[in-house]
Amino acid sequence: MAEEIFQLDVVTPQRVVVSEQVNEMTAPGSEGEFGVLPGHTPFLTTLRFGELWYRKGNVDYFLAVGPGFAEVGPDKVTVLVDTAETADEIDVNRAQRARARAEENLRKTDYDLETALAEMRRAEVRLEVAKKVKKT
Amino acid sequence: MPSLRHIRRRIRSVKNTQQITKAMKMVSAAKLRRAQIQIEEARPYAHKMAEVLSRVARRAKPGLNPLLTPREEKKVELLIITADKGLAGAFNGNVLRKAMEFIRERGDGVSLTLNVVGRKGRDFLRRRYSNIRKEYIDIFRKLSYEQAVLIGTDLVDRYLKEEIDAVYVVYTEFKSLMRQQVSLQQLLPVKPQEEVPSEIYQPDYIYEPGVKEVLDKLLPKHIITQIYRYLLESNASEHASRMTAMDAATKNASEVIAKLTLTYNRARQAAITKEIIEVVNGAEALKT
């Protein structure tokens with residue numbers, strides 16, 4: 001028998017990034033990473049910037065997703081985020097530059113620490129996700 | 001009767017104008033197409049957002065979030081969305097008329113401040129009112145979600161600080177290529193939406209971190225999404241409106257050219273007839 005599936009939609013204000021039948025996923029909830037399998041109980045959570053992973057058949061997919069929400073139902077997950085990039089869309093050079101900039105900002109005394117850390121996190125998540133493109 | 005040369009010059013001038021209006025129409029058509037695609041792409045997000053919000057808000061007790069709680073409207077802010085450029089028929093005029101109507105009706109007794117998008121609206125309103133608090137110029141050239149974030153965050157912040165009690169928006173709704181309608185909407189406080197009929201019965205969610213926290217994040221996002229939609233619709237309407245206006249202008253130019261050509265031919269014919277008569281008369285005179 002075929003493995004159970006559910007519908008995953010990743011939507012940003014600009015476009016629909018993913019709309020697929022998948023087997024399994026994890027997403028970066030603001031209270032921590034969570035995983036979803038088909039038949040999950042209804043669940044609404046905020047998301048922070050992080051890595052979203054899903055599996056379709058035997059293939060793994062990775063995305064860097066921005067802050068937003070996830071609505072989880074038994075047969076459907078909708079992820080509403082400000083930004084979402086698939087692993088192969090990520091501009092590695094740009095992310096590296098962003099990380100360098102964030103490092104610099106961290107050293108500045110007059111720069112907001114929270115902002116600098118958030119910038120740092122975003123750059124690092126992007127680089128992490130970009131690395132995984134080869135594995136798929 | 002104007003001279004032949006004079007008419008010829010006018011025909012050439014009208015033809016040049018016609019070429020410009022025709023080009024503008026084509027440019028607007030291309031931009032409209034892009035604007036329509038942008039609307040389409042933004043729709044799934046906005047739709048889903050509204051659906052989730054209505055479900056959450058229904059459960060929320062009043063007072064759970066200030067953005068949902070109306071208070072006495074003493075300080076009102078009006079967001080007016082116009083275009084940066086003119087030559088779009090009555091597009092800017094219609095928006096501004098509606099805005100002025102609102103200012104006349106609601107401006108008494110409350111402190112009213114304006115947020116203006118678009119150069120045309122800014123220039124017009126600056127001459128009449130001194131209460132423009134924010135202006136956003138030149139955002140339509142490369143319209144993106146970030147611009148809506150900018151406008152929305154500012155409004156939500158001010159609302160939460162109680163610097164304003166309500167926000168209204170005047171924008172142009174894009175109904176179709178031939179029909180655009182100016183519309184006035186209340187943006188803040190968020191009015192609890194009518195229930196979006198859900199296809200399937202869904203039990204309530206587990207909220208993480210909690211209903212209040214989710215709502216705190218969801219509502220500002222909802223406001224921004226709304227503003228983004230208003231910007232997109234206004235943008236599409238502007239191009240549709242300009243396209244229609246330029247199409248009419250091109251047709252008018254054709255008419256003027258036809259009329260002028262007729263006058264020109266008549267004048268030419270008259271001149272030829274006159275010459276023939278002169279030649280014949282001359283020949284007659286020589287005969288005798």
Side-chain angles (χ1 to χ4, degrees), chain A residues 6-20 25-50 63 65-85 89 98 112 115 118-119 122, chain B residues 34 37-60 142-149 152-153 198-232:
Chain A
F6 62 94
Q7 174 72 28
L8 170 68
D9 293 310
V10 179
V11 188
T12 72
Q14 268 92 22
R15 66 201 173 107
V16 176
V17 183
V18 177
S19 179
E20 282 197 274
M25 69 169 289
T26 66
S30 53
E31 304 285 282
E33 192 97 355
F34 64 91
V36 181
L37 287 165
H40 198 286
T41 182
F43 170 52
L44 185 72
T45 180
T46 52
L47 298 178
R48 59 188 183 134
F49 201 95
L63 281 88
V65 296
F69 302 88
E71 184 199 30
V72 179
D75 53 3
K76 195 169 189 295
V77 175
T78 309
V79 176
L80 292 170
V81 280
D82 290 351
T83 63
E85 295 153 283
E89 278 171 0
D112 185 41
T115 319
E119 281 167 0
R122 277 203 295 276
Chain B
R34 213 176 314 143
I37 290 170
Q38 240 181 333
I39 292 181
E40 290 295 321
E41 284 171 341
R43 201 163 281 159
Y45 186 89
H47 197 80
K48 196 72 210 172
M49 188 68 124
E51 198 185 302
V52 172
L53 184 75
S54 80
R55 210 172 299 161
V56 181
R58 229 186 313 145
R59 273 195 78 250
K142 212 171 163 287
L143 188 55
S144 72
Y145 185 69
E146 277 68 46
Q147 269 125 10
V149 173
T153 314
S198 165
E199 322 84 73
I200 33 157
Y201 167 76
Q202 262 195 322
D204 199 29
Y205 304 115
I206 298 169
Y207 292 92
E208 199 175 284
V211 187
K212 192 183 169 331
E213 287 79 5
V214 169
L215 215 49
D216 284 350
K217 289 223 166 135
L218 194 61
L219 285 167
K221 284 252 156 72
H222 170 71
I223 301 291
I224 289 165
T225 314
Q226 291 280 349
I227 294 175
Y228 186 51
R229 188 172 71 89
Y230 296 149
L231 289 176
L232 289 177

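Chain letters run A, B, ... following the sequence lines, proteins first, then strands; residues in each count from 1. Computed from a predicted structure; not experimentally measured.
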Problem set entry | Proximity breakdown for B:Leu218 and chain A, heavy-atom pairs closer than 4.5 Å | both

Problem set entry | Residues of residues 6-17 of chain A with any heavy atom under 4.5 Å of a heavy atom in chain B | A:Val11, A:Thr12, A:Pro13, A:Gln14, A:Arg15, A:Val16

Exercise. Just how far is it from atom OG1 of A:Thr83 to atom CD of B:Glu146, taken to the nearest 0.5 Å?
Worked result: 9.0 Å

Exercise. From B:Glu213 CD over to A:Ser30 OG, what is the distance, rounded to the nearest 0.5 angstrom?
Worked result: 9.0 Å

Problem set entry | Residue pair A:Thr45, B:Val214: steps toward the side chain to side chain contact (heavy atoms under 4.5 Å, CB included) verdict | CA-CA 7 Å; A:Thr45 180; B:Val214 169; over 6 Å; no

Seminar exercise, completed: Turns out that what part of B:Lys221 lies under 4.5 Å from chain A's heavy atoms comes down to side chain

Problem set entry | Atom pair OG1/CG of A:Thr46 and B:Leu215 - distance to nearest 0.5 Å | 12.0 Å

For this session: Show the numbers, then the answer: is there a side chain to side chain contact (heavy atoms under 4.5 Å, CB included) between A:Asp82 and B:Tyr45?
Result: CA-CA 10 Å; A:Asp82 290 351; B:Tyr45 186 89; 4.0 Å; yes

Problem set entry | Per-residue contact mode, B:Tyr228 against chain A (heavy atom under 4.5 angstrom) | side chain

For this session: May I ask you to test the B:Ile206-A:Thr41 pair for a side-chain heavy-atom distance under 4.5 Å?
Result: yes

Problem set entry | Exercise: identify the closest heavy-atom pair between B:Pro209 and A:Glu31 | CG-OE2, 3.6 Å

Problem set entry | Which atoms of A:Thr78 approach chain B - backbone, side chain, both or neither, heavy atom under 4.5 Å | side chain

Problem set entry | Side chain / backbone / both / neither for A:Phe69 at chain B, heavy atoms under 4.5 Å | side chain

For this session: Inspect the surroundings of NZ in A:Lys76 and state if more than 12 heavy atoms from other residues, nucleotides or ligands are less than 6.0 Å away.
Result: yes

